[in-house]
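Just so it is clear, the values below take in all heavy atoms, side chains as well, and ignore hydrogens, waters and symmetry mates. Note that ligands are numbered from 1 as they come in the structure, with each ligand's atoms numbered from 1 the same way. Computed from a predicted model, the values in this text were never measured in an experiment.
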Amino acid sequence: MRKPMVAGNWKMHKTQEEGLALVRAIRAGLSSHGKVEVLVAPPFTAIQVVVGEVADTEIKVGGQNVYCENQGAFTGEISPVMLKAAGCSHAIIGHSERRHVFGETGDLLHRKVHAALNAGLDVIYCLGETLEEREGGQTEAVVERQLNEVLDGDVKPARMILAYEPVWAIGTGRNATPEQAQAVHAFLRAKTTGIWGPNAAGNLRILYGGSVKPDNAASLMICPDVDGALVGGACLKAESFLAIVGAAADSV
Ligand code: PEP
């Protein structure tokens with residue numbers, strides 16, 4: 001049975017002080033802990049204080065992004081080795097804002113995934129179609145291409161988590177319906193079954209992301225192939241993040 005994960009992507013929000021207050025409130029309110037794996041992804045500047053605060057808990061900390069080299073003349077970048085040493089267990093790679101705002105390509109994402117895995121980080125790999133692609137009937141072709149961009153024989157399924165995040169649903173308040181999410185998750189499950197076989201694909205967690213809120217989380221979390229959520233806006237307040245964790249726990 002797959003343990004759901006609820007991951008909070010803080011994006012470019014929260015100073016150290018604000019981040020500490022948020023993670024303290026999450027920690028204090030986490031009653032359904034154990035049934036759900038909980039991860040927070042603060043901005044790089046707050047990682048250290050957040051890691052310190054959750055050190056004696058099961059809350060995981062991830063990087064929102066990572067570069068594909070371990071060190072060197074790459075001004076402004078953070079390496080996978082640095083994230084690992086700072087106490088991160090995961091890196092989010094391929095978020096639609098990285099693809100669409102910062103122009104990250106499949107080739108770069110492939111290198112990032114491998115560098116993160118080599119440094120001992122698990123990867124939350126995001127993929128999803130734009131509205132134009134959905135309306136053009138290309139959703140499956142797009143997510144399959146994005147999947148194939150990063151997978152090869154070196155990528156071990158146990159270290160990967162997928163996050164289906166339709167671009168049109170991120171930060172818009174317009175979530176995919178449970179039926180739309182389930183259809184794409186089932187498609188990704190079938191594709192990864194073809195690559196890794198039924199056991200590994202059966203254990204693979206596929207999160208849904210895109211305007212997940214307390215009032216829609218339960219209907220999404222009960223979909224058979226939805227194994228948790230990657231949450232943006234609603235993770236910035238402990239109350240709403242914890243309500244989503246609760247919905248994931250209730251779906252188990
Ligand atoms: C995200 O940034 O990954 C995300 C899903 O954002 P939101 O929940 O705000 O749509």
Per-residue contact class, Ile170 against ligand 1 - non-hydrogen pairs under 4.0 Å: both
Backbone or side-chain N or O of Gly232 under 3.5 Å from ligand 1 N or O: yes
Atom pair NE2 (His90) and NZ (Lys60), whose distance is rounded to the nearest 0.5 Å: 6.0 Å
NE2 on His95 to CG on Leu127, rounded to 0.5 Å: 12.0 Å
Nitrogen or oxygen atoms of Gly233 and ligand 1 under 3.5 Å apart: yes
Flag side-chain contact, heavy atom, 4.5 Å: Ile206 against Val184: no
N or O contact, Lys11 vs ligand 1, cut-off under 3.5 Å: yes
Parallel, tilted or perpendicular: rings of Tyr164 and His185 (30°, 60°): perpendicular
Positive for side chain to side chain contact (heavy atoms under 4.5 Å, CB included) with Leu162, one of Ile124, Leu204, Leu230: Leu204
hydrophobic_cluster_shared for Leu207 and Val167, side chain cutoff 4.5 Å: no
Min N/O separation Gly171 to ligand 1 under 3.5 Å: yes
For atom 5 (C) of ligand 1, the option (of Glu97, Glu165, Lys213, His95) bearing the nearest heavy atom: Glu165
Ligand 1-proximal atoms of Ala169, by part, heavy-atom distance under 4.0 Å: backbone
Enumerated ligand 1 atoms positioned under 4.0 Å from heavy atoms of Gly210: 5 (C), 10 (O)
